[in-house]
There are 2 protein chains.
Amino acid sequence: MKHSRTAFVVLGMLAVEPRRSGYDIRKAIEASVGHFWGESYGQIYPTLKRLASEGLIEPVPSPRSKRRQEYCITEAGRVCLREWLALPFQNDRPRNEFLLKLFFASEVSPQVAIGHIRELQARNRRAMETMEQIEKLAPKMNAGNPGLPYWMLTLGLGMAMTRAALDWGQTALAELETLEGASGASVPAGHRT
Amino acid sequence: MKHSRTAFVVLGMLAVEPRRSGYDIRKAIEASVGHFWGESYGQIYPTLKRLASEGLIEPVPSPRSKRRQEYCITEAGRVCLREWLALPFQNDRPRNEFLLKLFFASEVSPQVAIGHIRELQARNRRAMETMEQIEKLAPKMNAGNPGLPYWMLTLGLGMAMTRAALDWGQTALAELETLEGASGASVPAGHRT
DNA sequence: CGTGGCATGTAAACGGTTACATGATTTA
DNA sequence: TAAATCATGTAACCGTTTACATGCCACG
């Protein structure tokens, strides 16, 4: 009777909007909490079965297709979700491969670190753009939805942290480019610090 | 012949300083990259065995104790580490339970969200303090170490993002407290901040 | 003499991803 | 009618955590 966190995202997504299929739920996760959470089908479909067998969600026939299986959250499911929401959140052990490589970067040439940071900047700029799009469109598409203020808050934290990372990247690149000049192969040996 | 990322942290830690034991490595990870990476003993010890059997590290007897098993990175190990460092980094799928709970917070009372944010602020303030300590002490303890500039960069990103999160938290709390007042729920005067 | 830190390990269980298999339905 | 997308599912595999077991060694 213990649930993985996948179960709660699924429950949550069905609480936000009923009559979703496994496929829908995956897409909804991608589109709404994709910046900070992900799930695969291999996780979602078994979870759906399990939640249904426990009465936390209930399968309903789809008007669109016989193949498609839609679900609704039950009252028991809502209770379960609310209990979990009120529990203290746990910090997942962070795993940032970028930072790990940067940490050991003195083993390789400064260009490697510079390359990684540039790549990070590119990814963060892209992330920033999509978040800006969402920021613009979400209020219009979800006017009146009680979830909206919270959705905007999650977006706000994502944007704030991404902005901070972008700023850091800029100064970090500047720093490394001087460091590269100081120890790089293109500089005569006598000019080293 | 494919290695998990655990192998590379271990290799990296032995590249930074030789003659470390599994226990040492764990502590070193905690102390230096703990903000963005973690490993458990159940992962470290088997990895050590495997790397040794592949000749990427080599066990050396300890002068301190017969029980203690120290390791050094080999030339092959260094090559392997450098290759990995140059490879593009992968973004791990982020999993932020705090944001997930905040996203679904309209299912529960605003106080729940407020409580979570306050808790986040507390954790971030603590993290900020330890990072500030490290920022102050690291340069003195590692003067001349070629890794130092990179270590400070990783610390810098951690601090920048934590600062951004702290700022966000402040405005988010302000916002939610008005939202709480607007929805009719009265708060006893003594409970306000 | 006891406590806390040093030190090494393993087995079971878990959570999760990947790759694969299959086919219906919509749209260009 | 071809391509894209919708849609469901599973089995194998992997990395990781947890809990447990053991015992040394230094210090107060």
Side-chain angles (χ1 to χ4, degrees), chain A residues 1-11 13-14 19-31 33-34 36-53 57 59-71 84 90-97 100, chain B residues 1-11 13-14 19-31 33-34 36-53 57 59-71 84 90-97 100:
Chain A
M1 266 295 187
K2 222 220 129 206
H3 296 94
S4 81
R5 291 175 307 171
T6 301
F8 295 107
V9 206
V10 168
L11 240 28
M13 285 300 163
L14 288 174
R19 299 196 140 273
R20 295 215 234 222
S21 67
Y23 190 83
D24 290 342
I25 290 171
R26 172 97 211 272
K27 275 203 305 153
I29 290 172
E30 206 84 327
V33 296
F36 54 86
W37 202 271
E39 293 292 347
S40 63
Y41 290 128
Q43 199 77 333
I44 289 172
Y45 284 113
T47 298
L48 245 13
K49 292 273 141 110
R50 192 171 167 223
L51 289 173
S53 83
I57 63 176
V60 295
S62 164
R64 282 157 60 181
S65 150
K66 310 113 243 321
R67 221 174 126 59
R68 178 182 161 87
Q69 181 58 262
E70 300 177 350
Y71 295 90
W84 177 75
Q90 65 172 104
N91 286 7
D92 299 87
R93 207 196 280 281
R95 288 207 133 188
N96 188 323
E97 195 177 300
L100 194 61
Chain B
M1 269 290 187
K2 224 221 127 203
H3 297 94
S4 79
R5 291 174 306 171
T6 302
F8 295 107
V9 206
V10 169
L11 239 28
M13 284 301 164
L14 288 174
R19 302 196 140 274
R20 295 215 232 222
S21 68
Y23 190 83
D24 289 342
I25 290 171
R26 171 98 211 272
K27 274 203 305 151
I29 290 172
E30 207 84 326
V33 296
F36 54 86
W37 202 271
E39 294 292 348
S40 62
Y41 291 128
Q43 197 79 333
I44 288 172
Y45 285 112
T47 298
L48 244 14
K49 293 274 142 113
R50 189 170 169 224
L51 288 174
S53 82
I57 63 176
V60 294
S62 165
R64 283 159 58 184
S65 150
K66 312 110 242 326
R67 217 173 128 60
R68 179 180 160 89
Q69 181 56 261
E70 301 176 350
Y71 295 90
W84 178 76
Q90 64 172 103
N91 286 8
D92 299 86
R93 207 197 277 286
R95 288 207 133 189
N96 187 322
E97 194 176 301
L100 194 62

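A, B, ... follow the sequence lines: proteins, then strands. Residue 1 opens every chain.
Each of A/Ser62, A/Ser65, A/Pro61 was scored for a side-chain contact (heavy atoms from CB on, under 4.5 Å) with A/Glu70, with one residue passing: A/Ser62.
Of the candidate nucleotides C/dG9, D/dT10, C/dA7, C/dA7 has the atom nearest to the side chain of B/Arg64. Side-chain proximity of B/Ser4 to C/dA7, C/dG15, D/dG15: nearest is D/dG15. In this structure, of C/dG5, C/dG9, D/dT8, it is C/dG5 that holds the atom nearest to the side chain of B/Tyr23. When each of D/dT17, D/dT8, C/dT10 is scored by its nearest atom to the side-chain atoms of A/Tyr41, the top-ranked nucleotide is D/dT8. Among the nucleotides C/dG15, D/dC6, C/dA7, the one closest to the side chain of B/Asp24 is C/dA7.
To the nearest angstrom, P of D/dT8 lies 14 Å from NZ of A/Lys66. The separation between B/Lys49 atom NZ and C/dT10 atom P is 6 Å, rounded to whole Å. Following rounding to the nearest Å, B/Lys2 (NZ) and D/dG15 (C1') show an atom-to-atom distance of 10 Å. The CH2 atom of A/Trp37 sits 15 Å away from the C1' atom of C/dT17 (whole-angstrom rounding). Rounded to an integer number of Å, the gap from B/Gln69 CD to D/dT22 P is 22 Å. The CD atom of B/Gln90 sits 12 Å away from the C1' atom of C/dT17 (whole-angstrom rounding). The nearest whole Å value for the distance from the CD atom in A/Glu30 to the P atom in D/dA7 is 16 Å. Nucleotide D/dT8 holds its P atom 11 Å from the NZ atom of A/Lys27, rounded to whole Å.
For C/dT18, neither phosphate oxygen OP1 nor OP2 lies less than 4.0 angstrom from any side-chain nitrogen or oxygen of A/Ser40. Look at B/Arg93 and you'll find a side-chain N or O under 4.0 angstrom from OP1 or OP2 of C/dT17.
For the pair B/Arg26 and B/Tyr41, the cation-pi test (distance below 6.0 Å, angle within 45°) is passed.
Nucleic acid contact class of A/Gly42 (heavy atoms, under 4.0 Å, all strands): base.
Nearest heavy-atom pair across A/Asn96 and B/Trp37 is N-CE3, 3.5 Å.
Checked by distance alone, B/Arg67 brings a side-chain donor or acceptor within 3.5 Å of a matching partner on the base of C/dA7.
Atom CD1 of A/Ile44 and atom CD1 of A/Ile29 lie 4.5 Å apart (nearest 0.5 Å).
Ranked by how close their nearest DNA chain D nucleotide is to the 5' end, A/Ser65 and A/Gln43 are led by A/Ser65.
Taking a cutoff of 4.0 Å between a charged side-chain nitrogen and a carboxylate oxygen, A/Arg19 and A/Asp24 do not qualify as a salt bridge.
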